[in-house]
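This report concerns only the one structure given below.
For this chain, numbers begin at 1 and follow the sequence in order. The structure presented is a predicted model; accordingly, all values stated were derived computationally and were not measured.
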Amino acid sequence: MLTIIAITIGLFFAINIGASGAAASMGIAYGAGVVKKRLALLLCAIAVFFGAWLGGGEVVKMIGSGIVPNSTFTVPIALIVLASAALSLFLANIFGIPLSTSEVAVGSVVGAGIVYQSVFVSHLFWIMLFWLLTPFAAFLIAIIASYVLKIKQLKKWLEASKAVPVLSVLVLIMGMFEAFSAGMNNVANAVGPLVGANILSTGDGILWGGIFVALGALLLGHRVLETNGKKITTLRLEEGCVISGTGATIVTIASMFGIPVPLTQITTSSIIGIGFAKQGKAVLKKDIVVQLLTVWIVSPVLSMVLSYTLIQLIIEHNFYPIIAMGGALISVFGVLSLMKKQKTTIPVRHEVAKD
């Protein structure tokens, strides 16, 4: 029974991955009017399936046995890991927080590893290094590409009407490439724990995971495609090619190394890089940087805490770490509250002293 529930949650997670992250990859082509919505979703579904099926194996191995040994995963543990990741994304959606699916999945696995003190620290460090470097690399590549697009002869060709059909085809190909890379990297988030617990083989995991990610993009991706398409209508076709191409290339390389990386943060960094080349430092608003860093920290920590707590309560029947964690949270919020009150009361006393 638990096996069926675990598979159901994993495949439901795969549908949601397809409906959100994968469907967004065709937003630029759809927003520019290059392709109709139904065709965009169909092409996305095909590309994301082949990405998962042909190239998703290495990341599945990393999630299933590279962060913690697969002996850590039993059927109940795999179920809790998947439920924690899904619950984290559900809570994030309620509060409107854009969390990374890959970071949430890794955090959830690490929570299980902390309970049994079985985390491969060197592998985790390697993954976190990629999380830091890939958005920065996307930012730099986008800036360099923007300056290349400003080369006089190339700019003249891009502004000619004959360039539009070529760029339209290119932006469509890049969108499919981005969907392919999303399939490679993200299918592991849904089926990695199932493979780790030997519920599915790696081959079955990427096949069924790929099918359900594709179904999610095809059947439920309309709203995300519509929203994403409208948001990026101010981008030129060549800029769309740079953003999709940069994100897809980085994610594909990371997938070949078996590293789960945040596609959304990489794409956002590319867009910021394009803006930086056009408007300079003005685009680097403090709020954007703070939001990126917050998502980077909150995504894995939230799912890690959930996974750790649920395993301690349900599997180990150990309430002491939960009590200690609750005490720590109360202390932190209490200190923050006192610091906030102190800041508001000091000026009042100062005014009274003046009078």
Open item on the list: With a 4.5 Å cut-off on side-chain heavy atoms, are I143 and F139 touching?
Closed with: yes
TODO: Find out if a path of hydrophobic residues (ILVMFWY) with successive side-chain heavy-atom gaps under 4.5 Å connects L132 to V121.
DONE: no
Task: Shared hydrophobic cluster for F125 and I127 (ILVMFWY, side-chain gaps under 4.5 Å) - done: no
Task: Inter-residue atom distance L79.CG - F73.CZ, 0.5 Å rounding - done: 12.0 Å
- [ ] Please say which of V81, I63, V109 ends up in a side chain to side chain contact (heavy atoms under 4.5 Å, CB included) with V68.
- [x] V109
Task: Side chain to side chain, L310 and S84, heavy atoms closer than 4.5 Å - done: yes
TODO: Show your reasoning for whether side chain to side chain contact (heavy atoms under 4.5 Å, CB included) applies to V213 and N186.
DONE: CA-CA 9 Å; V213 171; N186 287 343; over 6 Å; no
- [ ] Go through the structure and list residues passing side-chain contact (heavy atoms from CB on, under 4.5 Å) with S244, not counting sequence neighbours.
- [x] I28, M174, E178
Open item on the list: Minimum heavy-atom separation for V191 and G209, please, with both atom names.
Closed with: CG1-CA, 3.9 Å
- [ ] Would you please name every residue forming a side-chain contact (heavy atoms from CB on, under 4.5 Å) with A105, sequence neighbours left out?
- [x] N189
Open item on the list: Taking transitive links into account, so neighbours of neighbours count too, which hydrophobic residues share a cluster with V169 at under 4.5 Å side-chain distance?
Closed with: I173
Under 3.5 Å, which donor-acceptor pairs do the side chains of residues 4-12 form with other protein atoms, sequence neighbours left out?
| unit_1 | atom_1 | unit_2 | atom_2 | d |
| --- | --- | --- | --- | --- |
| T8 | OG1 | I4 | O | 2.7 |

Open item on the list: Would V251 and M184 count as a side chain to side chain contact (heavy atoms under 4.5 Å, CB included) here? Give the steps.
Closed with: CA-CA 8 Å; V251 173; M184 279 182 82; 5.8 Å; no
Task: Spatial distance of atom CZ (F120) from atom CD1 (I67) [nearest 0.5 Å] - done: 10.5 Å
TODO: Looking only at non-hydrogen atoms, find the nearest pair between V242 and A145 and report the distance.
DONE: CG1-CB, 3.6 Å
- [ ] Please name the pair of heavy atoms, one in P260 and one in G258, separated by the smallest distance, quoted to 0.1 Å.
- [x] CD-O, 3.5 Å
Could you tabulate the donor-acceptor pairs under 3.5 Å formed by side-chain atoms of residues 34-49, not counting sequence neighbours?
| unit_1 | atom_1 | unit_2 | atom_2 | d |
| --- | --- | --- | --- | --- |
| K37 | NZ | E226 | OE1 | 2.9 |

- [ ] Output all residues satisfying side-chain contact (heavy atoms from CB on, under 4.5 Å) with T134, sequence neighbours left out; order by chain, then residue number.
- [x] F130, I250, V261, I266
Task: Of all pairs that satisfy salt bridge (Lys or Arg N to Asp or Glu O under 4.0 Å), the ones with a partner from residues 46-72, not counting sequence neighbours - done: E58-K61
- [ ] Please name the pair of heavy atoms, one in L154 and one in L149, separated by the smallest distance, quoted to 0.1 Å.
- [x] CD2-CA, 3.9 Å
Open item on the list: Which heavy atom of A248 sits nearest to which heavy atom of F177, and what is that distance?
Closed with: CB-CD2, 3.4 Å
- [ ] Measure the CG-CG distance between L170 and L237 for me, rounded to the nearest 0.5 Å.
- [x] 9.5 Å
Task: Nearest-0.5 Å distance that lies between atom CG in L167 and atom NZ in K162 - done: 12.0 Å
- [ ] For side chain to side chain contact (heavy atoms under 4.5 Å, CB included), just list the numbers for V187 and V59, CA-CA rounded to whole Å, side-chain angles, deciding distance to a tenth of an Å, and then say yes or no.
- [x] CA-CA 8 Å; V187 71; V59 189; over 6 Å; no
TODO: State, yes or no, whether a side-chain contact exists between I151 and W157 at a heavy-atom distance under 4.5 Å.
DONE: no
Task: S255: side-chain hydrogen bond (donor to acceptor under 3.5 Å, both in side chains) partners, not counting sequence neighbours - done: N185
Open item on the list: Please check this pair: side chain of S307 against backbone of M304, looking for a donor-acceptor N/O pair closer than 3.5 Å.
Closed with: no
Task: Heavy-atom pair of closest approach, residues T246 and S270 - done: CG2-OG, 3.7 Å
- [ ] Measure the OG-CG distance between S303 and L82 for me, rounded to the nearest 0.5 Å.
- [x] 11.5 Å
- [ ] Begin with the C-alpha distance, continue with both residues' side-chain angles, and end with the deciding distance and a verdict on side chain to side chain contact (heavy atoms under 4.5 Å, CB included) for V106 and L124.
- [x] CA-CA 9 Å; V106 170; L124 183 61; 4.1 Å; yes
TODO: Please collect all side chain to side chain donor-acceptor pair (under 3.5 Å) contacts where either partner lies in residues 141-154, sequence neighbours excluded, each pair once.
DONE: none
Task: Listed once per pair and sorted, the side chain to side chain donor-acceptor pair (under 3.5 Å) pairs that draw on residues 106-132, sequence neighbours left out - done: T72-S118, Y116-E316
Task: Sub-4.5 Å side-chain heavy-atom contact between F13 and T101 - done: yes
- [ ] Would you please name every residue forming a side-chain hydrogen bond (donor to acceptor under 3.5 Å, both in side chains) with N198, sequence neighbours left out?
- [x] none
TODO: Return yes if some donor-acceptor pair links the side-chain N/O of Q265 with the main-chain N/O of P262 below 3.5 Å, else return no.
DONE: no
TODO: Sequence neighbours left out, what passes side-chain hydrogen bond (donor to acceptor under 3.5 Å, both in side chains) with T74? Give chain and number order.
DONE: none
- [ ] Would you check if V195 and I206 make a side-chain contact, meaning some heavy-atom pair closer than 4.5 Å?
- [x] no
Open item on the list: Let me confirm one number: the CG-CD1 distance from L140 to I144, rounded to the nearest 0.5 Å.
Closed with: 6.0 Å
